[in-house]
Amino acid sequence: MQLATLTSIRKYYPSTNALAVDGADFSLERGEVHALVGENGAGKSTLAKILCGFESPDSGTVAIRGSPVSFSSHRDAEKAGIGFVPQYSMLAPGLSAADNVALGHEPRFLGVFSDRRRVAYDFSLLADRYGFSVNPDAIVSTLSASGRREVEILRALARGGGVLVLDEPTSILGERETEALFALIRRLKSAGAGIVYISHRAKEILDLADRISVMRAGRVERTIRPDDTDECGLADLIVRSSSCAAGTDSGSTPGKPGLTLRSVTLSRRGSDSLDGADLVVRKGEVVAVVALGGNGLDALEDVAAGVVGPDSGDVLVLGKDIHSYPPRILRSGVMAYIPTDREGRGLCAKASVALNAIAGRLRGYSFADFALGRAPLADADALLASFDVKNGGRRRVDTLSGGNRQRVVAARELDGPADVVVAANPTQGLDRSSRAALLSRLAEMRDEGSAVLLLSSDPEDASELADRSFVLYRGRLKALSGPGSDDSAIAAALTGVEP
Amino acid sequence: MIHLSALLLDAIAFLAVLAPAAIGGLATEYAGSLNIALEGLMLAGAFSYMAFGAAFGTVAGFIAAMLVPSAIAYVSDLFSRKANADSFVVGLGVNMLVPAAASMLSKYVFGSKGVAAVAGLQSGRPFAGAASIPVVGALFGQRSSDYLAFGVAIMVALVLARTPLGTRAKAAGMNRDALTMAGIDSGGVRGAVYALSGLACGISGAALASSVGAWVPNMSAGRGWIALVAVYLGGKRLGGTFAASALFALLLSLATRAQAITEAPAELLLSLPYFLTAVVVVLGSSRSKRK
Amino acid sequence: SKSAAGPDPLSVAVFVPGVASGSPIYEMLVAGAEKAVAEIPGATVKVIEAGYDQSTWLDSLRDTVASGEFSIVVSSNPSLPELCAKLSPDYPSVRFIVADAYLPGNPAIHTILFNQMEQGFIVGYLAGLVTKDRNPDAAPVAGIVAAQHYPTLDRLIRPGFEAGLKAVDPEFKLEFREVGNWYDSAKASELASSLYGSGVEVILPIAGSGGQGVVASARENGASVVWFDGAGYALDPEAVIGCATIAQDRLVYERLKAALSGDTSLYGRADIVSARDGYVGFDPDGKGYAALPRSVRDALDAAIAGLKAGTPDFSMDTF
Amino acid sequence: MISPVLRTVKDTGASSTPKRLAIAVATAAALAALAAAALSGEPSTALRAFFVAPFSNASSILNMVELSAPLALCALGVIVTFRAGHYSLGGEGQAYAGSIAAAAAGYYGYAALGPGATLAAVVAGVLAGAAVAALPAMGRRFAGAEVLLTSILVSQGFIFVIDWAIGGPLRDRSGNLIAMPALETEALLARLEPPSTLTVAPFVVLILCVAASFYFERTRSGAAHDLYGRNPRFAELQGYDVERLSWAPVVASGMLHGLAGALMVLGAKGTAIRGMSGGIGWSAIGAALVAGSRPSAVPLAALLFAWLDSGARQAAVLSDLPPDAGMAIKALVILVVSSRPSWTAVKAFMRRTPTRRAK
Ligand SMILES: Nc1ncnc2c1ncn2[C@@H]1O[C@H](COP(=O)(O)OP(=O)(O)OP(=O)(O)O)[C@@H](O)[C@H]1O
Ligand SMILES: Nc1ncnc2c1ncn2[C@@H]1O[C@H](COP(=O)(O)OP(=O)(O)OP(=O)(O)O)[C@@H](O)[C@H]1O
Ligand SMILES: [Mg+2]
Ligand SMILES: [Mg+2]
């Protein structure tokens, strides 16, 4: 029997005049992992939200175990046994992990008061059962990105049920967490659950899925079995035009140091600390640092981008202290920065797409040009076109899909020449072809003489692009031998296993 | 001469008015919304206490003083949510509407638009006998309405700190999606804290009105704004808000009493607590910034 | 209604800088004007309430005269003549009669001031008598709780009150406290409590609606209040022990009637009326007053009689 | 229109400012009619007073325009701070300080400067407003102190001090108004159209609104200002001068409020009167939000407020509508105007089936 069936679903967003889902059909069987793939903005998240009671469809039917339903909230969907791990964090950042999971189902004593101990206890039980190790009392905002994702997964599992919907769960997870998640998914599957799995990572999908549905422009175009295709074939299905691009090799030889970290220490940030990090990124090379969440990657990002000063040690850009640059100079041509925290640092969510795109080069216009000329508009269009962001610049940036937002950031940051590029998880949320476009743009910048520091929780990014790779484990940097180290070596280093 | 126990007596009475309103302001602040209408809600409480108290007795007065502002706050928030109205402007509207409505109603209820004194609505001091104990006596010398106000303030504080509603309100203020995920209507949570906020402000107003046993137009005289400042001064935390309210109560009572010992113009004395607090805020922020 | 000849010379506007209902002074203003109009055939009257926000009075008054419907505007408030003077050049056909105010020399404005020094003296004397009667041996002290400083208070009421106290005992001290506004009754009450707590027996509140707080505090402390202008006894039958009054209704009635009858000599004049002509007096019909000892009441009667006869002499020609 | 793309689309899906103002006027009309019918014994007179009287002659229309000028300036000041993400609630004290400083400069400066005292008064008002805003601004700049908190505290403190100064050392001893001495007529702004009170002030306001609009929509600093207000972190990472943005808008807003106070003195009031700022700071926040934080809509929003004030006053003068009724109507209109029913959503709901694809 089919666990869930979606028939001829339509969803129109009037605010952006976007027909996000346009007559999509989708079904989920017991004991299967059904992957949902498609380019950015294809409507995957919207379809998932409709299944989970987050959005109501304009037309079409949703049936659970054969009987039609009409969810008015996620709670209804939850009662029908549907758990949801959304693409963007839907946690309350100031509450503890346990509070977030208990929200809406709080145990009480005397009928009115929250039972704090029970909340924490229930959380620990849950975490143990699924093999996660999050501290129940940790405030969510202090958790690493992957820690937050774990809380989100636990929340979806807490009210247990037959259906689990995961929207790009691994986009910011490291290797180990990803493995744990896969093990979990397999366990659930064998217990008879159905799992909807949205991802851009072809390899994962082929590993995991029983069926793969490809979405394009709001429709499910076709549904295939993983045995019928391979990585490149899948990529071709997702984006008709694309070919399966391989990694890019460096043509140039490294020059002068662009970005230098000298025994940088940053503590008092919990597990996210740096301990005497030494790193030199020369012009004309890509240096990748890979880490699982909570090993200091965020700290390294902050220090390298000059957002926080280190407790001790120096951060030099082109041989000068990073804080000796006036911010304006630093950001115009010296350093490009793609942050992990896209919504908080990379975008001004309440401003238009166009303004976000040209935000970095306001100073470049003359007064008259900006006030009266057409250049800003043309520039915005050109920039957005370079990363294939369609649909004009007037809309607010927070109405874009996740991948398109990331493209806006990339378009802005990777536009001009820059001596140093700090790119933190730059491929998050990007579909296969735009990911390739981004990586090739980074390679191009390297070839033009930029010093590129790539910080990523995805070893694949590193192995495709990096000239030299490091692993960050418990705040310490460790070099990997040579470019393209094999995956198992990286995995071992990531988890602190000495070879 | 300023007698310490007399000063404390005043300050605690002032606090009985300030603390519930401030905690009421904190309630909506938990849910991420600034309740600019504390002043108006306080007035609504004072008026309801007098109007219902005059007609049905003190107990009815206190009950009405909590329910009426609570309803006003709830409805105003409902309006702001459903009509997509900025809650700041809605609050300003409430602040304008309440005095005007009170004045018009007062004509029907009390037969005049000005001051309306009603015999028997001034609260007594049940433990006045113990008030002569030095210093701690000030704790016992208060009016029964003030004890009631403290009681309600503590109750609201408990709701915020110890019940699911408090946690949910915080979640609503941080990320509405978190509540959506839990299947909770974040609007309903916001409505509930607004109602709670109105209730707390209402008891403040009632404490104010029952300290003089009369309805006096405009009698809140800016106390709602001070309560709002206390919320922020207290770092939007329960303990901090209460401490800030206490500090204000003490400073303002001191400024009032200081007229007895100095010839300095009263207005200048009254301005001191505000300047002093502003400086404290700046110094405090710079300390926490450095940290 | 607006002919080239200007407004009907018999149309009157009563401009209330506040709200009439609940304010005895303004109720008397309206009553006096209505009585005068009723007695002049063809005269009409309209009451305009401007509310208590002082900063909007000028705009309201401008609207009133600019409407072109009124030829005489009657009002009552010390600060109004200046507003009238500001407007009258633009609206030369309008005349103003303002009670409780003093501004000589403007040909469009007639003002009449009550001798509030006498009024202050009466309650001051009563306060002095009561204080001495209750605490014969203590250092004599009485209090004023005022909303804020303003000219009539500083130049007439307070000196008059002090003179009354000193007429009882030259040793009397006056404690003066300021609320800062006209409506914070709780703070007025706090100030009054601090005074009563430090040995004051009688307070004179000049604090608008804030005075209610003083009465509440007196009731609690078993102390007393003397009241100014209005019907104070109603506020609390026991705590209020005396009320100095002004005959605002009679005054407004007389002056407006004269003006409507064609007496143009009023305009430009500023008169001061006093106890001698009966415009300033004392209201003995209150429970609180009746409960005072015979000796106190006799002494007050004597003092009022003396005042009417010219001793002490507070008469003034200018203010 | 040139480069409209740069205009940051803030309230996607909400009704536009002109629509909102139209709603406001319509609501005001409906509410006023309702109130008149319910509260007045002579509803037709009351209605006429509310709707016709304020527009019945040129002079009262011009008075309304003049009265709207200080409010518009304050609203503009509010917008400057709000769009930088600072919630300054200190407008009241800043405007009041502008008034007293302007009155002092205009009165005492007249002996030395003659009619030039007008200019001195304007400058003094602007500087005084800036001075009251200085502590919140510097507290923000150097200590990161919350402007909402410090601005309201400092403003309240200054209101007491100014009350004292007007009632004490600076008071005009010859009069009964608690006010400073009246300025010489030559020191005031010239009346353009007597007997109306119209001066040059509304024109100044208009120019400033256009300039502010230009600043936000068409200049680089304006764009940076806006982005900072919406996401300071982002602005910092884009290399904007966030240090300046952390305090300058607060001071600029203080200057605008101070100018408003000065214009009140140099216009209809003629001097500084105790309590003359009378809630203008709060009304200004209302007007700014009604204008949707757009400077170009400020003059209209301020006019709407001035009309409500004037209509309520006229109704009290000409009919038996009590002043509170006017106040209540004003409050209700503000409530309604603040709402932003999303027309696109309503339309979509009615349509249900979309007709065309987006991309
Ligand atoms: N809340 C919203 N309001 C308006 N438009 C929206 C909203 N959410 C999504 N859209 C639009 O609907 C379309 C589909 O978006 P959706 O998020 O479903 O894409 P997606 O397939 O998940 O893409 P990605 O891989 O980038 O996450 C996009 O054009 C997007 O701009
Ligand atoms: N917790 C909530 N639940 C449901 N709807 C809400 C909630 N908070 C705000 N809204 C709605 O969303 C609209 C826009 O959100 P916004 O964040 O501007 O809220 P707001 O009303 O301005 O509150 P505040 O500014 O006090 O935080 C509001 O006008 C309201 O209609
Ligand atoms: Mg998506
Ligand atoms: Mg808001």
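Basis for what follows: all heavy atoms, side chains included, without hydrogens, waters or symmetry-related copies. Every chain is numbered from 1 and lettered A, B, ... according to where its sequence line falls, protein lines coming before strand lines. All values derive from a computational prediction rather than experimental measurement.
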- Query: Checking heavy atoms, do the side chain of L103(A), its backbone, both or neither come under 4.5 Å from chain B?
  - Reply: both

- Message: Around atom CZ of F242(B), are there more than 12 heavy atoms from other residues, nucleotides or ligands closer than 6.0 Å?
- Response: no

- Note on the structure: All heavy atoms of R75(A) vs all of A182(B), minimum pair found to be NH1-O, 3.3 Å

- Task: For residues T163(B) and S114(A), report the shortest heavy-atom separation together with the two atoms involved.
- Result: C-OG, 3.0 Å

- Item | Side chain to side chain, T180(B) and M90(A), heavy atoms closer than 4.5 Å | no

- Task: Report yes if the side chains of N175(B) and P93(A) come closer than 4.5 Å at any heavy-atom pair, otherwise no.
- Result: yes

- Message: Run the side-chain contact (heavy atoms from CB on, under 4.5 Å) test on R162(B) and R116(A) for me, step by step, so that the C-alpha distance in whole Å, both residues' side-chain angles and the decisive distance to 0.1 Å come before the verdict.
- Response: CA-CA 9 Å; R162(B) 290 271 178 268; R116(A) 289 275 169 79; 3.3 Å; yes

- Message: Please identify, among G104(A), S72(A), S89(A), S141(A), the residue contributing the most non-hydrogen atom pairs under 4.5 Å to chain B.
- Response: G104(A)

- Look at C52(A), A92(A), S73(A) and state which one has the largest set of heavy-atom pairs under 4.5 Å with chain B. A92(A)

- Task: Just jot down the salt bridge (charged side-chain N to carboxylate O under 4.0 Å, His left out) partners of E150(A), sequence neighbours excluded, or say none.
- Result: none

- Note on the structure: In this structure, CG of L95(A) is separated from NZ of K170(B) (nearest 0.5 Å) by 6.5 Å

- Query: Got a second to check how far E106(A)'s CD is from L165(B)'s CG, nearest 0.5 Å?
  - Reply: 9.5 Å

- CA sep, side-chain torsions, deciding dist, call: E152(A), M181(B), side-chain contact (heavy atoms from CB on, under 4.5 Å): CA-CA 10 Å; E152(A) 221 135 9; M181(B) 278 303 289; 5.7 Å; no

